[in-house]
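Each ligand, and each atom within it, is numbered from 1 in the order the structure gives. Since the model is a prediction, treat every value here as computed from it, not as a measurement.
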Amino acid sequence: MTKKLLLLSTGGTIASVVSDEGLAPGESGEELIKMLGRLQYDVTVRDILELDSSNIQPEEWKIIAEAVYEHRNDYDGIVVSHGTDTMAYTASMLTFMLQHINLPVVLTGSQVPMNVLLSDAPDNLRLAFTAAANCAPGVYIAFNRKVMRGCRSVKVRTTAFDAFESVNVPPVAEVTSDGFSVKDHRLPQPGECQLNTKIDTHVSLVKLFPGFDPVLLHAMAKNGCHGIVIEAYGLGGMTSIRRNMVAAVGELIRNGIPIITTSQCLYERSDLTKYEVGRLALLEGAISARDMTSESAITKLMWGLGQGMDIKAITKFFNTDVAGEVTLD
Ligand SMILES: NC(=O)C[C@H](N)C(=O)O
């Protein structure tokens, strides 16, 4: 039977046209489908946003999550066309807002607009429809012949077609000369699909660098920041002499502000137990995000705080694999 798929169009380069002010979204979802040509699926289109993804913010995450939730029982799969710049954040947040999702939700976009000859858009959109028709329920990004778990995806290139990588886990599906093959058939944890868009956006993501003044962390807290993700060094170490980050982290945690640590290294996990500079932070109560992407860590923090979780609950939450975003030892 022909699969019924829904395209939710949100803008991005894929739908962009040249204007005097620069590339900006201008094509509708219907126009994207027309340019794509023949498809073996029964596709319905809805334009829900028309934005460059630099303008996609928490308000838009809610609109996208609500649209997916509303149509989750009417289709076999949903494709979301989206700008690439913040696609990994949207995919990560949808993972938390739509837990136990009951169908594949596949985000895609392109580096070159659909209306340009030799654009990567037709291939990416076709791949996204194929993934939406064949993958297990979950949130994914489909790009350049790979289908990746949304909460493990990172944009790693500004212009090349191979713009996304699946970090610390292999892609879920790939296109090779043998065609489309799904490698990971893991189903989401059983449960009723829930829409929960309550998030706390008063958070921050900080990249540590030699010379970082911990006073800035206190300034964030004073200005209403409820939680911070720190991209620390290597396995998760942070400065403990002179500009003492560890001490600042401890003080913030004692004031009820959770501090999550990720690594500036894109690949492999954080492990605060190995070095003294990590252990000190651990002793102060820093929460390791292990092998999560920063995109996933900051959206998980927003979602957890939005549920009213205190530090203890946030710690437990980060020690839980919600939808494949983290590898627990
Ligand atoms: N390739 C792209 O889609 C980039 C664009 N600025 C966006 O994120 O909307």
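To the nearest 0.5 Å, atom CE of residue M114 and atom CD of residue E27 are 9.0 Å apart. One distance of note links CG of D123 with CZ of F161; it measures 9.0 Å at 0.5 Å rounding. Atom CG in N255 sits 6.5 Å away from atom CD in E251 (nearest 0.5 Å).
Separation of the Y89 and W61 ring centroids does not fall under the 6.0 Å cut-off.
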Using residues 9-17 as the side-chain source, report each donor-acceptor pair under 3.5 Å to any protein atom, sequence neighbours left out, with the distance given to one decimal.
residue, atom, partner, partner atom, Å
S9, OG, D47, OD1, 3.3
T10, OG1, S81, O, 2.6
S16, OG, G12, O, 2.9

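In E192, the CD atom is not crowded: 12 or fewer heavy atoms of neighbouring residues, nucleotides or ligands sit closer than 6.0 Å.
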Between ligand 1 and the protein, find all N/O pairs closer than 3.5 Å and give the distance for each.
residue, atom, partner, partner atom, Å
ligand 1, 1 (N), T13, OG1, 2.9
ligand 1, 1 (N), T84, OG1, 2.7
ligand 1, 1 (N), S110, O, 2.8
ligand 1, 1 (N), Q111, OE1, 3.4
ligand 1, 3 (O), T13, N, 3.1
ligand 1, 3 (O), T13, OG1, 2.9
ligand 1, 3 (O), T84, N, 2.9
ligand 1, 3 (O), T84, OG1, 3.3
ligand 1, 6 (N), D52, OD1, 3.1
ligand 1, 6 (N), D52, OD2, 2.9
ligand 1, 6 (N), D85, OD2, 2.8
ligand 1, 8 (O), S53, OG, 2.5
ligand 1, 8 (O), T84, N, 3.2
ligand 1, 8 (O), D85, N, 2.9
ligand 1, 8 (O), D85, OD2, 3.3
ligand 1, 9 (O), D52, OD1, 3.2
ligand 1, 9 (O), S53, N, 2.7

